[in-house]
Amino acid sequence: MRMSRMFSKTLREAPSGADTKGYEYLLRAGYIRQMGAGIFSLLPLGFRATQKIETIIREEMDRIGAEELMMPVVNPADIWKETGRFYSIDKEMGRFKDRNNRDMVLAMTHEEAVTDLARNLIDSYKRLPLLVYHIQTKWRDDPRPRAGLIRVREFTMLDSYSFDKDYEGLQKQYAAHYKAYFRIYSRCALPCVAVAADSGMMGGKISHEYMYLAPIGEDTIILCPECGYTANRQIAKMRKEYFKEEMKPVEKVSTPEAKTIEALAEYLKIDPRKTAKCVFMVGSFINDKNGEEEDKLVVALVRGDLEVEESKLTNTIKANALRPARPEEIEAHSMVPGFASPIGATGDIITVVDDTVAESNNLVAGANEEGYHFINTNFGRDYTGIVADIASAREGALCPHCGKPLKASKGVEIGNIFQLGTRYSAAMNATYQDEGGKQIPVVMGSYGIGVGRLLACLAEEYNDEGGLKLPMSVSPYQVHLVSLVKDTAIAESIYDELTKSGIEVLYDDRKETAGVKFADADLIGLPIRITLGNRSLKEGKVEVKLRSTGEETSYLISDLAEEIKAEIAREMAAIDENIVEKDLD
RNA sequence: CGGGUAGUAGCGCAGGGGCUAGCGCACUUGGUUCGGGACCAAGGGGUCGGAGGUUCAAAUCCUCUCUGCCCGACCA
C-alpha cells in the first residue's frame with residue numbers, strides 16, 4: 001500500500017478524551033475513528049490488524065474441529081421470549097419492531113439463534129458432538145462505554161457453540177476451547193490468565209474468563225501466587241476464620257453516633273470482626289415467562305471487617321438485579337439505617353447471612369433503634385436467614401486452597417467460556433434422540449472472544465513514546481518502506497520486489513520530510529522499517545530497523561527481500577515458540 | 001440513572017455582551033530546504049452543538065435540549 005493513497009492519516013496531537021496510551025495511539029496512528037459513544041469505525045490499518053486476529057482465531061477454531069457459519073444480527077424476539085432473556089435482560093439489548101409490529105431484537109449473543117438452528121438440525125445422538133462458530137457484529141447498549149475499544153457498544157465477537165449428548169462430551173469441548181483460547185492469545189502475543197468466573201446473564205454453572213492483567217482493567221482478579229488459584233473477585237473464595245464461643249444473652253447497649261462499623265468498634269473498644277455488618281439492597285426478580293417484575297428488600301450480613309460481594313449475593317438469591325436500598329425502603333421494614341439488623345425486622349424480606357456471621361457467636365449488631373446496638377447476637381437464636389458465602393475476597397485474605405495470602409490485580413476480560421448445560425436446549429426444546437429412542441436436551445457450551453477489545457489490549461501492551469509496536473502476527477503490514485530520496489525509481493523497484501515476494505509493505509511515497517516520515521512510521525509501528533537514503537544507497541545498501549528493539553542493520557539491495565523474509569520468519573518463530581499449551585486442570 | 005466536566009475550522013486550544021471570531025498544527029499555491037515532526041510568502045476553511053428567550057446588539061447572559069468525556073451505579 002502506498003501511503004500517498006491511504007485513506008487514513010496520522011494526528012500529531014491526541015484527541016481529547018483519549019486517556020490511555022493504547023487508545024491514543026490507535027486514534028493518532030489512524031487505526032480507528034470514533035463515531036459516537038462506544039461506536040467506532042475500523043480504518044484500513046485497524047481493519048487489517050483485526051483481520052489478522054480473525055485469521056488466527058479461524059485457524060485455531062478449525063483446529064478443534066469447529067465449522068464456521070453466520071447467524072443474523074436481527075432476531076425475531078420470539079426465540080428470546082422462549083428462553084426468557086427477552087424479559088430478563090434490560091436496556092442492554094437493542095429492540096425494535098418491524099413493519100408488521102413484530103418484536104425484534106439485535107442479538108447481543110447467539111445462544112437463542114444457534115439453539116433454534118440446533119433443534120431443527122440435530123436429531124440423533126449419532127450426530128453429536130458438533131461445534132460451530134461465527135465472527136460477527138454484536139450490539140450491547142452498555143451504560144458506560146469507555147477507553148476506546150476496551151468497552152464499546154458495537155463490536156465484533158467470535159462466538160462458538162458446542163453441542164453434546166452429555167456432560168462428559170461438554171467437558172471435552174470446553175477443555176478444547178480452554179486450550180485453544182490460550183493458543184489464540186499467545187499467537188497474538190497477548191499475555192493473559194484464565195480465571196474462574198461468574199456466568200452472569202449466560203446462565204450455566206462453570207465458566208472461565210481470560211484476563212489481560214493491566215491497570216486499565218475494570219475487573220478485579222484474585223490470585224494466589226503460591227498455588228495458582230485464580231478467580232474473578234465476583235466469585236473468588238477465601239479461607240475464613242470463625243469465632244465460636246458459648247452464646248451469651250443479648251444485651252442492648254447505648255452507642256450514640258456509632259453509625260459505621262469503625263465508629264462502633266472504636267466506641268465499644270472491640271475488634272470489627274466481633275460485629276455483624278448489615279447491608280441493604282433491593283433485588284428485582286423478573287418472571288421470565290411474562291416479564292413481570294417484583295422487588296424485594298434484601299438484608300445481607302457480613303462480618304464487620306468484610307465487604308459484601310454483590311455478585312455472590314445476586315447469585316445466592318437468584319435475583320435479576322440488585323441496587324442499594326433507599327432509607328425509606330429499609331424503614332418500611334422496621335429497621336433503622338446505621339443501627340440496623342434483621343432482629344425485629346418486619347414484612348417480607350430476604351435475609352442472607354455470610355458464614356462468617358452465621359458461624360461466629362456473640363457479635364454486635366444493630367438494635368433498630370437510633371443510638372443503640374445489641375451485643376451478643378447469635379444467628380439461629382436471634383434471627384435466621386439463608387447462609388451463604390457473600391463476602392468479597394481481597395488482597396491479603398487467605399487462599400481457599402493453600403492458605404497463603406492472596407493477591408489482587410486489575411484485568412480486562414478478553415474472552416469467556418461457559419458450560420451452559422441444558423439452560424437453552426431445555427427452554428427451546430432442542431433435543432436429540434438417544435439409543436433408547438428417548439428425547440434428551442442437547443448439552444451446550446458457549447465461548448466468546450471480543451476481537452476489537454483484543455486489539456485494544458494489544459495496543460495497550462505494545463507501545464512506547466513513539467507510538468504502537470504491534471507484534472508481527474497482528475501488525476497490519478509487516479514492513480514500512482520509507483524513501484528519503486528524490487529519485488523514486490529505486491524505491492519503486494524495491495516496493496515491487498518485496499510485494500512480489502509476498503511481503504506486506506506499507507510504502508511511504510509521500511513528499512514529506514524525513515522527520516515526518518520517521519515519526520509516522522514510529523506511530524503506526526510496523527515491526528520492520530526499511531529506510532532508503534543517499535547515505536547508504538551510495539554503497540548499494542538500505543537500512544533496516546526493528547520497531548520492537550530499535551536494532552539497526554543495513555543490507556545490500558540484492559539481498560533485501562531474502563533478509564526481510566528471514567526477519568519476518570524469525571519474529572513469527574519467536575511468537576510461535578511462546579505459544580501457550582495449557583490444559584484445563 | 002446520579003455526580004463532575006466540556007462542546008468555537010480536520011485535530012489541539014484561546015476569546016466570555018459591541019465593530020470583518022483568533023492561535024498552533026493540518027490543508028492549498030509558489031519558492032527555498034531535504035536522514036528525526038523544516039523555513040519564507042500568499043491563501044482556503046468555522047456563525048461558535050441545537051432550539052427558544054433577554055438586549056439597540058449574543059460565541060459571550062438566561063431557559064430548555066442534544067452530544068462527548070471522566071467518576072460511580074452497571075456491564076462482557
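Here is the naming used below: chain letters follow the sequence lines, and residue numbers restart at 1 for every chain.
In this structure, C74(B) forms no base pair with any nucleotide, since neither Watson-Crick nor G-U wobble geometry is met with both distances under 3.5 Å. Under the Watson-Crick and G-U wobble criteria, each requiring two contacts below 3.5 Å, nucleotide G45(B) is left unpaired. Searching all strands for a Watson-Crick or G-U wobble partner of G36(B) with both distances below 3.5 Å returns nothing.
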Check: protein-nucleotides 23-27 of chain B nitrogen or oxygen pairs below 3.5 Å:
unit_1, atom_1, unit_2, atom_2, d
G24(B), N2, Glu13(A), OE1, 3.1
A26(B), OP1, Arg12(A), NH2, 3.0
A26(B), O2', Lys9(A), NZ, 2.6

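Aromatic ring pairs are classed by plane angle as parallel below 30°, tilted from 30° to 60° and perpendicular above 60°; the pair Tyr174(A) and Tyr447(A) is tilted.
G45(B) sits 43 Å from G3(B) when the P atoms are compared, rounded to a whole Å. Atom name C1', nucleotides A59(B) and G18(B): the rounded distance is 13 Å, in whole Å. Taking atom P on both G10(B) and C48(B), the two are 14 Å apart, rounded to the nearest angstrom. For the C1' atom pair drawn from G46(B) and C23(B), the interatomic distance equals 14 Å after rounding to whole Å. Nucleotides G68(B) and G24(B) place their C1' atoms 23 Å apart, quoted to the nearest Å. Rounded to a whole angstrom, the distance from the P atom of C74(B) to that of C62(B) is 36 Å. The same atom, C1', is picked in A9(B) and in U47(B); the two are 12 Å apart, to the nearest Å.
Within 3.5 Å, no donor on the side chain of Arg146(A) pairs with an acceptor on the base of C71(B), nor the reverse. For G35(B), the base has no donor-acceptor partner in the side chain of Asn534(A) [N/O atoms by modelled type, under 3.5 angstrom]. Residue Arg144(A) places no side-chain atom within donor-acceptor reach of the base of G3(B), judged by atom type and a 3.5 Å distance cut-off alone. For G35(B), the base has a donor-acceptor partner in the side chain of Glu543(A) [N/O atoms by modelled type, under 3.5 angstrom].
Annotation: cation-pi pair Arg95(A)/Phe86(A) present, NZ/CZ under 6.0 Å from the ring centroid and within 45° of its normal.
Just one of Lys277(A), Lys312(A), Arg233(A), Arg394(A) meets the salt bridge (charged side-chain N to carboxylate O under 4.0 Å, His left out) condition when paired with Glu307(A); it is Lys277(A). Under the side chain to side chain donor-acceptor pair (under 3.5 Å) rule, Asp520(A) has a single partner from Arg28(A), Arg510(A), His480(A), which is Arg510(A).
Nucleotides of RNA chain B nearest to Arg33(A) and Gly466(A) differ in position, and the one nearer the 5' end is that of Arg33(A). When the nearest nucleotides of RNA chain B are assigned to Arg453(A) and Lys486(A) by heavy-atom distance, the more 5′-ward of the two goes with Lys486(A).
When heavy atoms are screened at a 4.0 angstrom cut-off, Asp19(A) is found touching the sugar-phosphate backbone but no base atom. Using a 4.0 Å heavy-atom distance criterion, Ala18(A) is classed as making no nucleic acid contact.
Near-neighbour residues of RNA chain B inside residues 176-189 of chain A, defined by a heavy atom below 4.0 Å, are absent.
Comparing G36(B), G37(B), C74(B) by their closest approach to the side chain of Phe518(A) singles out G36(B).
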